[in-house]
Amino acid sequence: MSYAFLQQYWWFVVSLLGALLVFMLFVQGANSLVFSLGRTEEGQRKVIESTGRKWEITFTTLVTFGGAFFASFPLFYSTSFGGAYWLWMIILFSFVLQAVSYEFQHRKGNLLGTRTYRLFLVLNGIVGPLLLGGAVATFFNGSNFIVEKASLTNLGAPVISSWANASAGLDALLDPWNLIFGLAVMFLARMLGILYIINNVPDEDIRSRGSVRLVGCTVPFLVLFLAFFVRTLLKDGYAVDPATGAVFMEPMKYLHNYLRLWPLTLMTVVGVALLLYGVLRTIISSSYVKGIWPAGIGVVLVVLSLFLVAGLADTAYYPSNVSLQSSLTITNSCSSEFTLRTMFYVSLLVPFVFGYIAYVWRVMDKK
């Protein structure tokens, strides 16, 4: 195994975890619609009980995603999580609110009341996917940071990377295209949440209301996602000279990546087809309740291809808008060969972890 193979392998692992995280956001999507899907107290309780059996898997996937980035691409971790800390802190805080809400909303004598905790779930269901989508969009639109590896020898301030302004990452929300993708992810989470509830909660009233709201979420998602995707294909991208490592702007770089990495193009087409199949069949047929599975697989395929296109084929996956040569690539931001090789053998246990998650999923659904 060469160093280059290990770098690409770990970018694939991180990308797969990111794709699985987006799929698992169905918990947030369903919670954001708890008052809409559940017209009565009993209906709301059914929705929350259903998502309450899965929220820990979503949170675990988020933590694993961050941990994998830290271990395999530590410079990204220190740059993004350390520099854009307000953006990530708000995301994490919204997930903490979710955990607190599940734990305390039915406790006797809670001061805030059940409705307040459910509003916290709605807040997490909106803020979490929106900001996560905005953070991922910076992989294509860039962020405002500076990397100076020579600063490591400065005993007074041994800081390699720093944010170029005082916003600590919140400036990402000033880019309308980051917001557009964030909103697309939010509506996607709602679509997946509705499909999950239709599959998991045997209540005809909830299912009929879910089918109607599925239409209202699918239309804005398609408009927002297609706008972002087409614009990304046509915009200048952040290319890397493989000989020198220099970063430069290349017209339609991401379109070229899809053409160069044609299996990812096929993966995207199949993923979109599966997503639309799951959604449309659920809308058309009131007896079809398994749309979450083709739609979920489709989402994983599309998001996985997006991550891979952002980092492979001599592309800077975390570009800097204030210092182009500070942009991060899988070669200049990764761990040592020894670390990546050691973790490679550990990662062979991942299929067993997936098997355990599938087992836990089935056990929780039987409760």
Side-chain angles (χ1 to χ4, degrees), residues 16-34 36-38 46-62 65 94-95 98 121-122 124-133 136 181-201 206-207 209-226 228-229 268 270-284 288-307 357-358 361 364-365:
L16 179 59
L17 289 171
L20 292 173
L21 173 60
V22 173
F23 164 63
M24 290 302 303
L25 289 178
F26 69 77
V27 173
Q28 277 63 42
N31 286 342
S32 71
L33 295 168
V34 62
S36 179
L37 294 176
K46 288 181 178 180
V47 172
I48 292 174
E49 287 181 352
S50 180
T51 59
R53 294 192 289 266
K54 302 295 189 304
W55 76 267
E56 290 173 314
I57 301 177
T58 304
F59 193 79
T60 301
T61 306
L62 174 63
F65 174 67
S94 75
F95 277 86
Q98 177 197 52
L121 291 178
V122 174
N124 168 249
I126 295 174
V127 173
L130 175 65
L131 295 188
L132 279 172
V136 171
F181 190 71
L183 288 170
V185 172
M186 186 195 73
F187 280 111
L188 176 62
R190 289 187 164 200
M191 291 164 57
L192 293 173
I194 293 170
L195 292 172
Y196 168 75
I197 293 298
I198 289 176
N199 175 256
N200 198 254
V201 179
I206 292 177
R207 285 176 172 174
R209 293 166 69 84
S211 296
V212 174
R213 278 144 188 80
L214 185 57
V215 177
C217 293
T218 302
V219 173
F221 163 73
L222 290 175
V223 172
L224 293 166
F225 178 75
L226 288 176
F228 179 86
F229 188 70
T268 302
V270 172
V272 170
L274 286 172
L275 174 61
L276 293 179
Y277 171 79
V279 170
L280 293 177
R281 187 173 176 186
T282 300
I283 294 173
I284 295 172
Y288 183 71
V289 299
K290 297 182 178 180
I292 182 62
W293 301 117
I297 295 172
V299 167
V300 170
L301 292 178
V302 172
V303 177
L304 176 59
S305 67
L306 277 174
F307 271 106
I357 292 175
W361 184 298
M364 287 181 173
D365 278 343

- Task: For Met186 and Leu132, run side chain to side chain contact (heavy atoms under 4.5 Å, CB included): C-alpha distance rounded to whole Å, both residues' side-chain angles, the deciding distance at 0.1 Å, then the answer.
- Result: CA-CA 9 Å; Met186 186 195 73; Leu132 279 172; over 6 Å; no
- Message: Run the side chain to side chain contact (heavy atoms under 4.5 Å, CB included) test on Met191 and Val299 for me, step by step, so that the C-alpha distance in whole Å, both residues' side-chain angles and the decisive distance to 0.1 Å come before the verdict.
- Response: CA-CA 11 Å; Met191 291 164 57; Val299 167; over 6 Å; no
Practice task
Using the side chain to side chain contact (heavy atoms under 4.5 Å, CB included) rule, take Leu222 and Leu276 through it: C-alpha gap first, then chi angles, then the decisive distance, then the call.
Solution key: CA-CA 10 Å; Leu222 290 175; Leu276 293 179; 4.1 Å; yes
- [ ] Might you work through the side chain to side chain contact (heavy atoms under 4.5 Å, CB included) test for Ile206 and Ile197, ending with a clear yes or no?
- [x] CA-CA 8 Å; Ile206 292 177; Ile197 293 298; 3.5 Å; yes
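Just one residue in the list Leu226, Val279, Leu188 forms a side-chain contact (heavy atoms from CB on, under 4.5 Å) with Phe221, and that residue is Leu188.
Here Leu306 contributes atom CG and Leu301 contributes atom CG; the two are 11.5 Å apart, rounded to the nearest 0.5 Å. To the nearest 0.5 Å, atom CG of residue Leu214 and atom CZ of residue Arg207 are 14.0 Å apart. Between Thr218 atom OG1 and Leu275 atom CG the span is 7.5 Å, to the nearest 0.5 Å. Rounding to the nearest 0.5 Å places CG of Leu62 at 10.5 Å from CG of Leu17. Rounding to the nearest 0.5 Å places CG of Leu21 at 11.0 Å from CZ of Phe59. Between atom CG of residue Leu130 and atom CG of residue Leu183 there is a gap of 5.5 Å, rounded to the nearest 0.5 Å.
Side-chain atoms of Asn31 never come within 3.5 Å of backbone atoms of Val122 as a donor-acceptor pair (strictly under, hydrogens ignored). At least one donor-acceptor pair closer than 3.5 Å links the side chain of Thr58 to the backbone N or O of Met24. Put simply, the side chain of Arg209 gets close to the backbone of Ser36: a donor and an acceptor are under 3.5 Å apart. One N or O on the side chain of Ser32 and one on the backbone of Gly29 form a donor-acceptor pair closer than 3.5 Å. Between the side chain of Tyr196 and the backbone N or O of Ser50, at least one donor-acceptor pair lies under 3.5 Å.
Of all heavy-atom pairs between Val185 and Gly133, the closest is CG2-CA, 3.8 Å. Heavy atoms only, all atoms of each residue included: Pro129 and Gln28 are closest at CG-CB, 3.8 Å. Across Ala184 and Phe225, no two heavy atoms sit closer than the pair CB-N, 4.0 Å. Of all non-hydrogen atoms in Leu20 and Val300, the two that sit nearest each other are CD2-CG2, 4.1 Å. In plain terms, the two heavy atoms of Ala30 and Leu37 that are nearest each other are O-CD1, 4.4 Å. Annotation for Phe95 and Leu25: closest pair CZ-CD2, 4.3 Å, computed over non-hydrogen atoms.
Taking the six-membered ring where the residue is Trp, Phe181 and Phe228 present tilted rings, their angle falling between 30° and 60°.
Within the 4.5 Å cutoff, the side chain of Ile126 has heavy atoms near those of the Arg190 side chain. Side-chain contact check for Tyr288 versus Leu280: every heavy-atom pair is 4.5 Å or farther apart.
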